2 protein chains.
Amino acid sequence: MATSFAEENYLKIIYRLSESTLEDISTNAVAELTQTKAASVTDMLRKLAEKGWVNYQKYQGVRLTDEGEKIALSVVRKHRLWEVFLVDKMGFNWDEVHEIAEQLEHIESEALINKLDEFLDFPKTDPHGDPIPNKEGILPELSYMHLSDLKENKACVLMGVAKDSAVFLQLLTRLHLSLGAKLMVKEINPFDRSISVSINDSEPVFISHEVAKNILIKIV
Amino acid sequence: MATSFAEENYLKIIYRLSESTLEDISTNAVAELTQTKAASVTDMLRKLAEKGWVNYQKYQGVRLTDEGEKIALSVVRKHRLWEVFLVDKMGFNWDEVHEIAEQLEHIESEALINKLDEFLDFPKTDPHGDPIPNKEGILPELSYMHLSDLKENKACVLMGVAKDSAVFLQLLTRLHLSLGAKLMVKEINPFDRSISVSINDSEPVFISHEVAKNILIKIV
DNA sequence: AATATTTTTTAGTCAAGACTAAAAATTTAT
DNA sequence: ATAAATTTTTAGTCTTGACTAAAAAATATT
């Protein structure tokens, strides 16, 4: 069954919200991310349920069916592959690609997306470190920690971010925090949980807990 | 002013029709290419006229204003650049790219299309030999002849096609008629105006007048 | 010039996807 | 346990871009 632009967006957003919780997703949460009103969401959820893409009971929230998740994963795959294209091939910065990828993710061509995947050398993650589902919709296993959970003096590598708003990414860029950077937490301030962190063995800089929480790392 | 998907399509199609005639474009002609009904076209033409993108008088047909042409040219530019991308970088054949480019042409990002242009090395023509407008909307001058108008025993090079339906392009491919091929007309049959033409100095093959008419060439 | 044919427009509908305002259900607080 | 606050749904409306059927205008034919 064909999926419209709007339907794909809803499924993608329900998927994103499901990533960080096991609970059913609330109408309001969806409304916020789709930039629509709760009433519009209710309408759409009924339609999606009718098509068998979500399980939805009035007032109970929503969750994707297997079929709905499959569609969502294909949209996510397209979004993330296009982001890699935009950064690696077109020379955009990681904070500039989201809006364009929001458009490109709806291009309908299985052949194109698979050729693009190959052209980009089958990347496992997008420019923010988010995993890219393969052709079959399987996500690569990436188990990252949050920088805010790391002990002092342990070496680690920046593998991704848990948030991809442009302002956040621009801040990271200004601090020279980019994918692959070597990090070591030098001190943790109990007062506000801010930390001082050395980036690629340079003089440590201060970052807030809020920032550290959204940096994903792998211990080396 | 923002342009919708549908509006861009109408403007593009009016532009395409205007390329081959100086007359105003009829409602029916537009309906055929947009795959809609004449009544729907009438509706849209009124809206486009209101926005100042076309000059339209009931029963008199339509023509683009300068502003409308500017929008159409930017859509055509995007369409043709994406076609180059699909063939040169993604490895599609020239008969496979039209539908995908129909989608990609509506992606809205000035920055992206200019980076793409650069990435592709500022191509002057798309995979069918159609000229690509530059950033300013200026078309490169390409004055090609139709193969059907060429005398016998004059050498020429295949520079483009005047029609890009998949079946036509597939026929050309089967005959080894691709962009850049060296051609020489060996005989012209007065009976049906079919011609026999040698391709890259090989044994001549027969092609119909209809095919020859849609092959664009440059004399060498 | 009158009639027939074709083309175009008008009028009235429809579906998708959004909205607001009000009602109903759920959750939180007293 | 009830009242208050919040969330969600319903009901009704709007815009976009399509449709069909009928009317009107333009063009072609005799």
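Given the structure is predicted, the values throughout are model-derived calculations rather than measurements. Chain letters run A, B, ... following the sequence lines, proteins first, then strands; residues in each count from 1.
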Send over the distance from A/N9 CG to C/dA18 C1', rounded to a whole Å.
-> 14 Å
Closer than 4.0 Å, any side-chain N/O of A/S40 to the OP1 or OP2 of C/dC19?
-> yes
For A/R46 and C/dG17, what is the distance between atoms CZ and C1' respectively, to the nearest whole Å?
-> 13 Å
Going 5' to 3' on DNA chain D, which nucleotide is the first and which the last to come under 4.0 Å of a heavy atom in chain A?
-> D/dT7 to D/dT10
Could you check how far OH of A/Y59 sits from C1' of C/dT26, rounded to whole Å?
-> 8 Å
How bent is the helix from C/dA1-D/dT30 to C/dT30-D/dA1, comparing axes over its five end pairs at each side, to the nearest 10°?
-> 0°
With a 4.0 Å cut-off on heavy atoms, is B/T27 in touch with a base, just the backbone sugar-phosphate, or nothing at all?
-> sugar-phosphate
Measure from CD on A/Q57 to P on C/dT26 and round the result to the nearest Å.
-> 12 Å
Can the ring centres of A/F92 and A/F85 be said to be less than 6.0 Å apart?
-> no
Can you establish whether the number of heavy atoms outside B/D192 located under 6.0 Å from its atom CG is more than 12?
-> yes
Rounded off to whole Å, could you give me the CD-to-P distance for the A/E50 and C/dG17 pair?
-> 13 Å
With a non-hydrogen cut-off below 4.0 angstrom, is A/A6 in contact with a base, only sugar-phosphate, or nothing?
-> sugar-phosphate
Would you classify A/F5 as touching base, sugar-phosphate or nothing, given that sugar-phosphate means primed atoms plus P, OP1 and OP2, and contacts are heavy atoms under 4.0 Å?
-> nothing
When A/Q60 and A/A38 are each assigned the nearest nucleotide of DNA chain C, the 5'-most assignment goes to A/A38
Which heavy atom of B/T27 sits nearest a heavy atom of B/A38, and at what distance?
-> CG2-O, 3.6 Å
Rounded to the nearest angstrom, tell me the gap between atom CG in A/L11 and atom P in C/dG17.
-> 11 Å
For B/H128 and B/E83, does a side-chain donor sit closer than 3.5 Å to a side-chain acceptor?
-> yes
Nearest whole angstrom, please: distance from the P of C/dT7 to the CG of B/D43.
-> 20 Å
Is the shortest side-chain N/O distance from A/Y10 to OP1 or OP2 of C/dA18 below 4.0 Å?
-> yes
Check B/T36 against B/V41 and note the closest heavy-atom contact, atom names and distance.
-> OG1-CG2, 3.5 Å
Where each residue is assigned the nucleotide of DNA chain C containing its nearest heavy atom, which of A/K47 and B/G61 is assigned the position nearer the 5′ end?
-> B/G61
Decide salt bridge (Lys or Arg N to Asp or Glu O under 4.0 Å) for A/R77 and A/D117; before the verdict, give the C-alpha distance in whole Å, the side-chain angles of both, and the deciding distance to 0.1 Å.
-> CA-CA 10 Å; A/R77 169 171 160 81; A/D117 195 11; 3.2 Å; yes
Does the ring of B/F119 carry B/K89 above it, NZ/CZ under 6.0 angstrom from centre and within 45° of its axis?
-> yes
Go through the steps for A/K124 and A/E141 under the test salt bridge (Lys or Arg N to Asp or Glu O under 4.0 Å), then give the verdict.
-> CA-CA 9 Å; A/K124 293 260 170 304; A/E141 278 303 327; over 6 Å; no
Check the distance between C/dT6's P and B/E32's CD and give it to me in whole angstrom.
-> 16 Å
Between B/E7 and B/K51, is the closest basic N to carboxylate O distance under 4.0 Å?
-> yes
Would you please classify the geometry between the A/W82 ring and the B/W82 ring as parallel, tilted or perpendicular, with 30° and 60° separating the classes?
-> perpendicular
